[in-house]
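Side chains included, hydrogens not; waters and symmetry mates left out as well; all remaining heavy atoms used.
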Amino acid sequence: MADLAPEQGSKEKEKEKERHDASQPHLPPLEGAVGGQVVTRFPPEPNGYPHIGHAKAAIIDEEYARMYSGRLVLRFDDTNPLKERAEYYDAIREGLEWLGVKPDLEKNTSDDISLLHSYGRKLIEAGGAYVCTCSTDRIHDLRGKGLPCECRSESADILERTDKIFGGSYRQNEAIIRFKGDMSDPNTAMRDPTLFRIIEGNHPLLGDKVTLWPTYDFAAPIEDSHDGVTHAMRTKEYELRNELYFAILDRLQLRKPRLLEFSRLEFDGLPVSKRKITPLVQEGILSGWDDPRLPTLAALRRRGFVPQAIRRFVLSLGLTLADTKPPFETLEAFNRKIIDPLCMRLYFVPDPVEVKVLNVTPAKAVLKNHPVLDLGSRTVGVYDSVYISGKDAEGLKAGDVLRLMELYNIRISSTADLKSGSKSDPDSSESAYSPEKHEPREQKTASAPSVIVAEYAGNEVVQSMPKVQWVAKGDEVPFKVLVPKELYVGEEYNKNSLEVIQGFAESFISTLKRGTEIQLVRFGFCSIDSSNSAILTHR
RNA sequence: GCUCCGGUGGUGUAGUCCGGUUAAGCAUUUCGCCCUCUCAAGGCGACGAUCCCGGGUUCAAAUCCCGGCCGGAGCACCA
């Protein structure tokens, strides 16, 4: 209700307010933070699609920047031409935009390549680094033993070597620049780590003009310092490199940001690693990087998660070093609460079974799109037959009474077909539609009756009466719901990671746009994926 | 192997720095009840942790100290 920031759009203000609502999970205070002067940074490497792990880092970075009215820098850490690709810069930008993370500045580490080079040269000149021409094996070996190599000594040709490496006279693998640390330091990150290496690749932004590339260890501290970052957050696997980070800045006499670590975010069964995902995408087992079984932002989005839920979820995790995998259900709970009031309710019957109702006159049912909120309604004509789900039909016996939601009550007269009707082949679909191409698994159906006969049993809503959703015969459209399961069970790809549930839905469903979030009554929340399919977001 | 970091109910966390005022707050899950023409949301409630273990310091320890156990990370010319 504050009357501040009059120039800001009120809609924008609302959004901002919502996002930082005090009643929602929030982060602890930042040590050493001064209002208006905090600068954080999100430094992804453009080497893949952004996932939930990126979301955690980006959201924390942004929350802190906003919390102290500071600034957020998005810096693409693109110092390895072998891995970066132009499409990934875009994918990351898109992901952030969707998340609602708005950087105040966007830049690339590669923009500063000459700055980085000059600091590299400066470091060598100050005796803080040297050119090493040893083989990778030898370096590895000596590092393990805690012993220095000849290149390290102050010997003669250091100037010559320096000119050579900056002048581009060395080829890939012939020389690197190493930090002069302590070869016997218990922290192996300090045993003369690599600061620059030669990569004769094609950088998406700089092409092949540059071949001497800084490593993350060198670029990160300098960039952070140079970008005015006051609080640099990274995941805890970098902890051992903090010492190096500060040592580099010390020797270069550059301002030191504060460093904070937090644990990585990953879900059980939902691997984030490219090693596990890429092959599945390439082999076509997954539909792409937005396959609903993936923890990528694109997948979460396609599956029906909203950014606000991801933000709340991430904030609820807090800043902790403990390595744990939070339950995916928690994310679902956040999402469910947010989307529930926005989702239209529709009827879908898996495994449809026809119910013919006697003694009834054709009716027009007006179905509410939401039980309590005013989201409008739709009208469905019912002659005398409807479909209900196989599961609801299963236990019925003559005399049972149930309510077809928002229609009328029926009393079962006969389920005779149940017994005579095939106990046979559970995989043969008794419905007219046929499954499309590669469906991993068909919904298994116990012997379902083909037609149940019932009679009209009044229209009174009785609290205790079972209520089931239905689809009018004649109004039905074949519909399938993709149910994403764990992609990996342990180290193994889960062959049943995508279940496909077939059924009938109201024809109205096919008018919905892709990406529309709905709730299939007594089934779950779903994101419309095509005119005849949806993805289960969660129950 | 060496070094570093973690270890609070089924799960994720708050509290730990500045020891007592909560023998442990919140969320999620599960289970009840209420509401309800959904197995959703909402409301209420319940179950559930001797705060990894063992010592020590103290009138008092989840909180401090020591030892151990378990888990993770790093030891790349990746980030």
Side-chain angles (χ1 to χ4, degrees), chain A residues 25 28 31 43-48 77-80 82-84 109 132 134-136 139-140 143-144 146 170 172-178 185-191 193-199 212-217 219-220 234-244 261 263-265 268 312-313 315-334 336-343 345-347 367-368 370-373 391-392 402-409 459-463 465-469 519-525 538-539:
Chain A
E31 218 170 289
E45 180 185 17
N47 69 340
D77 238 325
D78 53 353
T79 58
N80 187 343
L82 264 21
K83 293 190 170 183
E84 337 302 18
T109 299
C132 178
C134 296
S135 70
T136 307
I139 291 172
H140 181 262
R143 192 173 269 146
Y170 284 113
Q172 191 163 314
N173 296 323
E174 283 180 354
I176 59 173
I177 296 177
R178 293 227 258 167
D185 198 304
N187 180 356
T188 48
M190 295 304 288
R191 319 246 265 222
T194 305
L195 266 23
F196 284 89
R197 75 290 207 209
I198 295 160
I199 299 175
L212 183 64
W213 287 95
T215 56
Y216 167 86
D217 282 331
R234 32 158 50 163
T235 42
K236 57 178 267 184
E237 68 267 23
Y238 292 108
E239 265 182 307
L240 278 318
R241 324 196 80 79
N242 287 181
E243 192 181 349
L244 211 211
E261 293 82 35
S263 58
R264 302 183 66 116
L265 170 55
D268 239 350
R312 286 184 194 173
F313 172 71
L315 296 179
S316 80
L317 299 176
L319 250 49
T320 166
L321 276 332
D323 31 40
T324 46
K325 290 183 178 172
F328 195 71
E329 288 74 35
T330 307
L331 208 209
E332 297 183 342
F334 277 112
R336 192 180 294 117
K337 285 170 192 175
I338 295 171
I339 67 174
D340 183 89
L342 309 171
C343 288
R345 313 294 148 125
L346 293 173
Y347 295 159
L367 309 178
K368 283 191 296 183
H370 194 282
V372 291
L373 300 171
K391 197 175 152 204
D392 288 331
L402 68 158
R403 178 162 184 85
L404 301 175
M405 290 175 67
E406 299 183 286
L407 217 209
Y408 43 61
N409 308 328
N459 198 11
E460 189 192 354
V461 178
V462 180
Q463 214 34 266
M465 197 181 288
K467 302 175 188 76
V468 305
Q469 79 280 18
Q519 188 201 68
L520 296 177
V521 173
R522 300 208 309 138
F523 184 87
F525 291 90
H538 43 62
R539 296 292 173 188

If you look at every strand shown and take non-hydrogen atoms under 4.0 Å, does [X] touch a base, only sugar-phosphate, or nothing?
| X | answer |
| --- | --- |
| Glu239(A) | sugar-phosphate |
| Asp77(A) | sugar-phosphate |
| Ser263(A) | nothing |
| Thr136(A) | base |
| Arg241(A) | base |
| Pro186(A) | sugar-phosphate |
| Glu261(A) | nothing |
| Ile176(A) | base |
| Ala189(A) | nothing |
| Arg336(A) | sugar-phosphate |
| Glu45(A) | sugar-phosphate |
| Lys368(A) | nothing |

To the closest 0.5 Å, what do you measure between [atom1] ([X]) and [atom2] ([Y])?
| X | Y | atom1 | atom2 | answer |
| --- | --- | --- | --- | --- |
| Ile339(A) | Gln519(A) | CD1 | CD | 8.5 Å |
| Ile198(A) | Asn173(A) | CD1 | CG | 8.5 Å |
| Met405(A) | Lys368(A) | CE | NZ | 9.5 Å |

Please determine, for the side chain of [X], which listed nucleotide ([options]) has the closest atom?
| X | options | result |
| --- | --- | --- |
| Thr324(A) | G12(B), A73(B), G72(B) | G12(B) |
| Thr194(A) | C37(B), A27(B), A76(B) | A76(B) |
| Glu237(A) | C77(B), U38(B), G74(B) | G74(B) |
| Tyr216(A) | A73(B), A79(B), U29(B) | A79(B) |
| His140(A) | A76(B), C77(B), G74(B) | A76(B) |
| Pro326(A) | C77(B), C37(B), G12(B) | G12(B) |
| Phe525(A) | A40(B), U29(B), C75(B) | A40(B) |
| Tyr238(A) | C77(B), G6(B), A79(B) | A79(B) |
| Val521(A) | A79(B), U38(B), A27(B) | U38(B) |
| Met405(A) | G74(B), U13(B), C37(B) | C37(B) |

For [X] versus [Y], what's the shortest heavy-atom pair and its separation?
| X | Y | result |
| --- | --- | --- |
| Cys343(A) | Phe525(A) | SG-CD2, 3.8 Å |
| Asp78(A) | Trp213(A) | O-CZ3, 3.7 Å |
| Tyr216(A) | Thr79(A) | N-OG1, 4.4 Å |

In whole Å, measure the gap between the [atom1] atoms of [N] and [M] for me.
| N | M | atom1 | value |
| --- | --- | --- | --- |
| U11(B) | G72(B) | P | 16 Å |
| U63(B) | A79(B) | P | 41 Å |
| C64(B) | G7(B) | P | 11 Å |
| A23(B) | G15(B) | C1' | 13 Å |
| U13(B) | C18(B) | C1' | 22 Å |
| U50(B) | G6(B) | C1' | 22 Å |
| A14(B) | U57(B) | C1' | 27 Å |
| U29(B) | C35(B) | P | 22 Å |

May I have the distance from [X] (atom [atom1]) to [N] (atom [atom2]), rounded to whole angstrom?
| X | N | atom1 | atom2 | value |
| --- | --- | --- | --- | --- |
| Glu243(A) | C75(B) | CD | P | 15 Å |
| Leu342(A) | A40(B) | CG | P | 18 Å |
| Leu240(A) | G6(B) | CG | C1' | 13 Å |
| Phe334(A) | G42(B) | CZ | P | 12 Å |
| Leu317(A) | G6(B) | CG | P | 18 Å |
| Lys325(A) | U29(B) | NZ | P | 21 Å |
| Asn47(A) | C78(B) | CG | P | 13 Å |
| Leu331(A) | U11(B) | CG | P | 19 Å |

Side chains of Ser263(A) and Asp323(A): donor-acceptor distance under 3.5 Å anywhere?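 Checked: Ser263(A)/Asp323(A) side chains show no N/O donor-acceptor pair below 3.5 Å.
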Please figure out whether Arg143(A) or Lys467(A) has its closest RNA chain B nucleotide nearer the 5' end.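 First, find each residue's nearest nucleotide; the 5'-ward one identifies Lys467(A).
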Let me spell it out: for each of Phe196(A) and Ser316(A), pick the nucleotide of RNA chain B with the closest heavy atom. Which residue's pick is nearer the 5' end?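 Between the two, 5'-proximity favours Ser316(A).
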Heavy-atom donor-acceptor pair, Gln519(A) side-chain to U38(B) base, under 3.5 Å: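 Check passes, donor-acceptor contact within cut-off.
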G-U wobble or Watson-Crick pairing nucleotide for [N] (cut-off 3.5 Å, both distances):
| N | answer |
| --- | --- |
| G6(B) | C70(B) |
| C17(B) | none |
| C75(B) | G1(B) |
| U58(B) | none |
| G42(B) | C34(B) |

Let's go through Glu332(A) and Glu329(A) carefully: what are the C-alpha distance in whole Å and the side-chain angles of both, what is the deciding distance for side-chain contact (heavy atoms from CB on, under 4.5 Å) to 0.1 Å, and is it a yes or a no? CA-CA 5 Å; Glu332(A) 297 183 342; Glu329(A) 288 74 35; 4.2 Å; yes
Honestly, is Arg539(A) close enough over Phe523(A), meaning NZ or CZ under 6.0 Å from the six-membered ring centre and within 45° of the axis?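 Arg539(A) over Phe523(A) ring: yes.
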With a 6.0 Å cut-off (strictly less than), is the heavy-atom count around NZ of Lys325(A), excluding the residue itself, greater than 12?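 Counting other residues, nucleotides and ligands, NZ of Lys325(A) exceeds 12 neighbours.
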With respect to the phosphate group of A79(B), does any side-chain polar atom (N or O) of Thr79(A) fall under 4.0 Å of OP1 or OP2?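 Affirmative; the distance criterion is met.
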